Number of protein chains: 2
Amino acid sequence: MTLTDVAQHAGVSPQTVSRSLRSPELVSDSTRERVRASIASTGYVPNLAARNLASNRSMTVAAIIPSISASVFADAVHGLDHELSSHGYQLFIGSTDYSADREEELVRALLGRRPDGMFIVGTEHTAKANQLLKEARIPVVEAWSLTDSPIHSQVGFSNREAVRSLVQYGHAQGYRHPTFAGSLQPGDARAIERRRGFEASVRAIYPNEAIRVLDSGNHGADMDAGVALLDRVLSEHPETDLIVFSSDIFAAGALLECARRRISVPGDIAVIGFGDFEIAAHTVPRLTTVAAPSHDIGTRAGRVLLESMHSASESTQEIDLGFTIVARESA
Amino acid sequence: MTLTDVAQHAGVSPQTVSRSLRSPELVSDSTRERVRASIASTGYVPNLAARNLASNRSMTVAAIIPSISASVFADAVHGLDHELSSHGYQLFIGSTDYSADREEELVRALLGRRPDGMFIVGTEHTAKANQLLKEARIPVVEAWSLTDSPIHSQVGFSNREAVRSLVQYGHAQGYRHPTFAGSLQPGDARAIERRRGFEASVRAIYPNEAIRVLDSGNHGADMDAGVALLDRVLSEHPETDLIVFSSDIFAAGALLECARRRISVPGDIAVIGFGDFEIAAHTVPRLTTVAAPSHDIGTRAGRVLLESMHSASESTQEIDLGFTIVARESA
DNA sequence: TTGTATGCGTTATCAC
DNA sequence: GTGATAACGCATACAA
């Protein structure tokens, strides 16, 4: 069923059918009604790919996230979708599984769909991906972490500041020997920002303290890696009384292991995570961590995109949404 | 940047560029290399909307789910995406927010993108949505629950068997007077299946027991309805020692109300839900329920779609993936 | 191995 | 208020 079929059925030109759909006010009541009836009886569904090609607008936005099943990103996509769909935009989605190469691949593939805007988690991309994004001449929102050299707009919070707050919180709770532990691979720019935040704040808050940072290396970001990190903290830095993990996952693994070994948390050692994932509220003791405004990031990103897509001006926005320390029992 | 631009740059015809991309083996090494270089230096990104129009294949799949941020559906989409993206398909996503009208709207809109396949959660759609889906002539996988009259293929689990297992579990825990409570409107085949499962299994397991079934009627499927159902169970069937709700939502409402009234769960009365929604792990006491194999549903649905899209035969599949009883503290 | 003609379904532009 | 015509960027079929 095409526009032409409907036109024949209604006894008008294809152009008139197109008009009744796009700008009904330019069409007389009687023909508009005839067209409406023909559309209903033929079961015509407009081909948006053709519309896209002819009008040079796709009414789509592409979203690139590390993982769909990570609830923080799902929340963001939910907010994004809510904002965009109410304005008639549809959402393309791709997940990188935290791989920069996969991200570049996705950027290329999704750009091929000619989206009117792009939402992408993170500010660290391959050189090629960066270039593609810039040359695409569409609004791009980089979300989550904030950077000094965004491609276009950005919506997020400062990982660095968040960790600084965490260290301050730990200091206020009376801990004196914090150690940072996480995966600090080049791929994960957010983890690196967190480490930087840790180093800077320890330097400021604990001027006489050594700066202890442990890298889990190139292993998976799973709870087992958290156990391994705990092990290393205990053996390499036995003076530690507070571990700041770069992710709730690591922290949860460490917490489990502490229970197994009858290490009291936070009595013997305190534990802090990052992300406020679901698991953080279910560990024993429950995990103190920092929450990103996931849903808001999506919503605000959606609004920024809508504005940019409609105004066609090149103006960009940088929005810092802050974060929340979630104080529970583990520290 | 278009195919033609690249062709001019490389000094060949547009056709040759197209061929070097689609079937490189038909092009001589030297020209292929020239084309490759031109693509790289022009930063050409193929327009997939145009390719879609010309080739009548979009290499996209549309997924319609109730909510992106519900982890069960996010897991399914993750599995689906993983399966499809490895074969070059991209994913369109839409969330209905549990509204049938919104679902119909989405079906229409996403069908406009001419996806090569469709993934949709649930088997109950508006008449119009059903018709659109059938007339789209693309493979459709209805996921989650199983129905007797699928549109095309389906991947899910048997609600009937799941409730039967729940009743068996309740019996094993020592409960002797189970009552089923839920929304049993004629439209909702899944709830009816659950009721049937309840009736059949009570008949088999409790031969001397009356079969108690309560219908919340034509109200919303929200926590308040759960409170109302609890009320009716207590007044109409005071002998009840186990309530099997047709949804975690109802069960969670009932649990909250029990806390308010100082009714001990499971001491005074036990409660079982259905679905293993996120809330089930957050109630006090935590809710015993049944979990769908979310991620597997997505993965298998992806495979079914791939087969159907490639074979072009009209063959359909019906896959029962089973379920898992999640035993927590409420029963 | 490469090039030419034609069409995919729609919108934009300009006529009437 | 309505219609004819030419794009949009690519693939298909066929020809060379």
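Here is how names work: the chains are called A, B, and so on, in the same order as the sequence lines, proteins then strands, and each is numbered from 1. No experiment lies behind these values; they were computed from the predicted model shown.
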Indicate, with a heavy-atom threshold strictly under 4.0 Å, whether B/Arg19 touches base, sugar-phosphate, or nothing.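 Since a base atom lies under 4.0 Å of B/Arg19, the category is base.
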When all nucleic acid strands are considered with a 4.0 Å heavy-atom cut-off, which category describes B/Pro46: base, sugar-phosphate, or nothing? sugar-phosphate
Under 4.0 Å: is that the gap between some side-chain N or O of [X] and OP1 or OP2 of [N]?
| X | N | value |
| --- | --- | --- |
| B/Ser28 | C/dT2 | yes |
| A/Ser13 | D/dG3 | yes |
| B/Ser18 | D/dT12 | no |
| B/Arg51 | D/dG9 | no |

Nearest to the side chain of [X], heavy atoms from C-beta on, is which of [options]?
| X | options | result |
| --- | --- | --- |
| B/Leu53 | D/dA11, C/dC8, C/dA12 | C/dC8 |
| A/Arg22 | D/dC10, C/dT11, C/dG3 | C/dT11 |
| B/Ala54 | C/dC8, C/dT10, C/dT11 | C/dC8 |
| B/Val12 | C/dG3, D/dC10, D/dG3 | C/dG3 |
| A/Thr31 | C/dT10, D/dA11, D/dT2 | D/dT2 |

What is the distance, rounded to the nearest whole Å, between atom [atom1] of [X] and atom [atom2] of [N]?
| X | N | atom1 | atom2 | result |
| --- | --- | --- | --- | --- |
| B/Met59 | D/dG9 | CE | P | 22 Å |
| A/Arg114 | C/dT11 | CZ | P | 19 Å |
| B/Asp5 | D/dG9 | CG | P | 8 Å |
| A/Gln15 | C/dC16 | CD | P | 17 Å |
| B/Asn56 | D/dG9 | CG | P | 20 Å |
| B/Arg32 | C/dT1 | CZ | P | 10 Å |
| B/Leu26 | D/dA16 | CG | P | 20 Å |
| B/Asn52 | D/dT12 | CG | C1' | 15 Å |

Are side-chain heavy atoms of A/Phe92 and A/Pro115 found at a separation under 4.5 Å?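 No. Closest side-chain heavy atoms not under 4.5 Å.
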Between B/Glu105 and B/Arg108, is the closest basic N to carboxylate O distance under 4.0 Å? no
Both B/Glu25 and B/Ser55 contact DNA chain C. Which one's nearest nucleotide lies toward the 5' end?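 Whichever sits nearer the 5' end wins; that is B/Glu25.
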By nearest-nucleotide position on DNA chain C, the 5'-leaning member of B/Ala50 and B/Thr16 is B/Thr16
More than 12 heavy atoms from other groups under 6.0 Å of NE2 on A/His82: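 Counting other residues, nucleotides and ligands, NE2 of A/His82 stays at 12 neighbours or fewer.
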Does a donor on one side chain and an acceptor on the other come within less than 3.5 Å for B/Gln317 and B/Glu307?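 A donor-acceptor contact under 3.5 Å links the two side chains.
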Side chains of A/His125 and A/Glu104: any donor to acceptor distance under 3.5 Å? no
Main-chain N/O of A/Ser58 paired with A/Asp116 side-chain donor or acceptor, under 3.5 Å: yes
